[in-house]
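First listed ligand is number 1; within each ligand, the first listed atom is number 1.
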Amino acid sequence: MSNIESILTETRIFEPTEKVKNSVAITEAVLAEMHKKASEDHVGFWSDLAKEKLEWSKPFTVGLDDSKAPHYEWFTDGEINVSYNCIDRHLETKSDKAAIIFEGDLGDVQTYTYKELHDQVCRFANTLTAQGVEKGDRVIIYMPMIPQAVIAMQACARIGAIHSVVFGGFSAEALRDRIENANAKLVITTNGSRRGGKTIPLKGAVDAALEKGCDHVKKVIVYRRTDDEVEMKEGRDIDWMDAEAGMSNYHEPVPVNAEHPLFLLYTSGSTGTPKGVQHSTGGYLLNAHLTNEWMFDLNDNDVFWCTADVGWITGHTYVAYGPLSVGATMLMFEGVPTYPDAGRFWQVCQDHGVTVFYTAPTAIRALMKFGADLPEKYDLSKLRLLGTVGEPINPEAWMWYHEVIGRGECPIIDTWWQTETGAHMIAPFPITPLKPGSCTKPLPGIEAAILDEEGNELGLGEGGLLVIKKPWPSMIRNVWGDEERYKSTYFPLQDVPYYVVGDSAYQDKDGYFWILGRVDDVLNVSGHRLGTMEIESALVSHEKVAEAAIVGRPHDIKGEAVSAFVVLNVDIPNGDERTALVAELREHVAKEIGPIAKPDDIRFGTNLPKTRSGKIMRRLLRTIAKGEEITQDTSTLEDPSILEQFQQQK
Ligand code: WT7
């Protein structure tokens with residue numbers, strides 16, 4: 001395991017400064033007490049926090065119900081409303097406090113106080129009800145990063161409708177799969193979005209997705225974000241403003257059972273079709289609330305900016321729900337980090353006095369390339385905590401973030417978690433001593449371990465499968481409509497009911513966790529999880545493609561790049577024709593899934609390297625993709641000459 005060796009050379013430790021130690025809410029003593037309590041009484045620990053931190057419409061008496069394991073249920077007889085907890089409960093003390101500060105692509109700024117957010121969410125909740133949406137109905141939200149996306153999510157939560165946000169960068173095809181799988185009743189979208197000084201149409205993808213089938217979608221609500229014309233289908237499509245006209249700014253939040261699904265979020269797995277990760281209401285909100293307090297120490301003086309899109313889990317837990325549940329001020333940004341120039345993130349931090357900033361290593365690496373001059377032009381002195389998520393952060397990027405952006409003073413909160421975990425799992429508190437590249441230790445109430453292939457628990461210093469040994473409140477409840485897939489993906493071990501993460505990891509001599517990467521056929525491209533199978537099926541759906549294999553190769557900025565190996569059912573073209581086909585295939589993948597999944601390089605061969613039993617030898621393809629010499633044993637290959645064909649390309 002060469003990753004372990006490279007990690008072992010990282011020995012720096014960064015202790016929190018006195019200023020941090022003296023200013024944050026969770027001190028060492030408080031943390032030690034929490035760990036002690038959680039290890040003595042796991043369910044009691046979470047239940048007490050659920051009572052203390054959330055407002056219940058009907059208090060619960062059951063902490064954990066494990067009678068249907070591996071389906072675990074928390075606070076099962078309690079009733080609660082998420083929107084009430086995120087908004088209404090702050091109105092008495094914070095009605096004029098900014099809930100959302102929005103900066104648009106072109107620099108336009110709009111602020112919503114808690115009172116204004118309340119009125120908007122209520123109006124839209126009344127609108128959804130008027131359009132026939134009821135508790136339990138699925139609503140698809142396909143929108144850019146604008147406050148209306150959060151308003152739509154909160155309004156669904158308010159009426160007990162189950163939302164599924166689909167990332168605006170996904171194609172019509174990918175959108176249709178999700179609409180169908182969720183059997184959605186209504187879609188909320190915009191005419192377009194603004195990014196990098198341009199307007200990009202969005203509604204067309206909804207029209208294309210709904211073209212065939214999808215009869216269950218009765219209405220499409222369209223918010224106008226740009227001045228561009230939009231085609232509206234008579235009887236189906238309604239303008240957001242028209243639909244909202246005359247709606248009351250009060251809506252009584254609908255209490256739902258703690259286990260009622262708050263949302264579905266589709267994510268990639270190792271097989272073809274995306275999984276609808278089903279989250280609960282009470283348990284999800286608890287961990288969303290707690291981790292915003294614990295990791296980001298959010299208080300009344302903070303302006304918190306998480307750069308993630310609402311289309312990902314990070315945009316749910318650290319944009320749409322968590323920061324509001326703790327009553328913080330949160331910033332939303334519509335644009336891209338490089339427009340009008342690569343100083344945009346730092347300009348936004350300066351102009352709005354951002355104090356806690358949360359982004360992905362891929363963004364840090366991309367901005368690092370532009371040097372320290374750009375961030376140094378801006379006043380970043382208000383920043384006090386910096387977070388990262390999505391993939392392991394390499395020590396160079398960690399140091400740059402810490403020194404250039406954080407003045408050497410801001411702790412780097414490297415948060416390990418997943419769509420399925422709902423919230424941070426292994427991450428430092430601001431007072432935790434840090435090691436660049438490690439997400440440090442599990443949170444109180446989270447019991448992580450590392451297993452070998454036989455399921456035996458490994459000691460410090462040994463790499464293996466990361467598992468979570470006990471259920472936690474915000475864990476995935478099910479794969480929507482696919483119980484079997486839930487069990488086989490997350491609880492595949494014979495003898496132990498551990499949640500299997502799908503990452504390999506290693507614990508160093510101090511018990512710190514180092515994530516090594518995925519163990520399944522999943523790539524991590526710019527912090528986005530992409531299934532190799534999904535991209536392969538997209539390629540194979542092209543008329544000229546007979547077979548395809550996708551592997552990842554290391555990439556300086558994106559983390560991993562997508563390398564495709566393709567067998568055509570026509571002759572392999574040369575020259576311009578070949579260039580044209582490569583472009584066509586890349587566009588085809590963009591159309592099927594979205595631009596994020598486009599292969600970075602495509603190689604053609606007359607076959608794929610397979611064993612005599614027909615298994616594709618992916619490790620050989622990985623070596624070729626990296627441009628390295630093949631040193632592995634190739635004696636089991638059916639036709640070794642295939643390798644040369646691929647090696648000659650690039
Ligand atoms: C996978 C989950 C969690 C929101 C963003 C991605 C990788 C995530 C880290 C980190 C090392 C990380 C893992 C994980 N990952 N955060 N801090 N250090 N790896 O959510 O799409 O569900 O992907 O991202 O491989 O399993 P996701």
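- Proximity of Glu391 to ligand 1, defined as any heavy-atom pair under 4.0 Å, is confined to the backbone N, CA, C and O atoms.
- Taking all heavy atoms of Thr415, Thr267, Asp503, Ile515 into account, the minimum distance to atom 14 (C) of ligand 1 is reached by Asp503.
- Aromatic pair Phe263/Tyr284: ring centres closer than 6.0 Å.
- Counting only distance, with no hydrogens or angles, the side chain of Asp309 and the backbone of Gly315 share no donor-acceptor pair below 3.5 Å.
- Aromatic ring centres of Tyr358 and His424 lie closer together than 6.0 Å.
- With a heavy-atom cut-off of 4.0 Å, Arg518 touches ligand 1 through its side chain alone.
- Between Asp414 and ligand 1, a contact under 3.5 Å exists for at least one N or O pair.
- Side-chain N or O atoms of Thr317 include one that pairs as donor or acceptor with a backbone N or O of Gly422 at under 3.5 Å.
- In this structure, atom 15 (N) of ligand 1 lies nearest to the protein heavy atom Gly390 O, 3.2 Å.
- In this structure, Pro392 has a heavy atom closer than 4.0 Å to ligand 1.
- Residue Val501 places no heavy atom under 4.0 Å from ligand 1.
- Put simply, the side chain of Pro444 reaches to within 4.5 Å of the side chain of Phe429, judged on heavy atoms.
- Close contacts of ligand 1 with Thr419, meaning ligand atoms under 4.0 Å from a residue heavy atom, involve 20 (O), 21 (O), 22 (O), 27 (P).
- A salt bridge links Arg344 with Glu103: the distance from a Lys NZ or Arg NE/NH1/NH2 to an Asp or Glu carboxylate oxygen falls below 4.0 Å.
- Within a 6.0 Å sphere centred on CD of Glu28, heavy atoms belonging to other residues, nucleotides or ligands number 12 at most.
- Those atoms of ligand 1 that come under 4.0 Å of a heavy atom in Asn524, given as number and element, are 7 (C), 24 (O).
- Using modelled atom types, one finds a donor on one side chain and an acceptor on the other under 3.5 Å when comparing Asn394 with Glu396.
- Atoms of ligand 1 found under 4.0 Å from any heavy atom of Ile313 (numbered from 1 in listed order, with element): 4 (C).
- The protein atom (non-hydrogen) at minimum distance from atom 23 (O) of ligand 1 is Arg529 CD, 3.2 Å.
- Summary of contacts: the protein heavy atom closest to atom 4 (C) of ligand 1 is Thr314 OG1, 3.2 Å.
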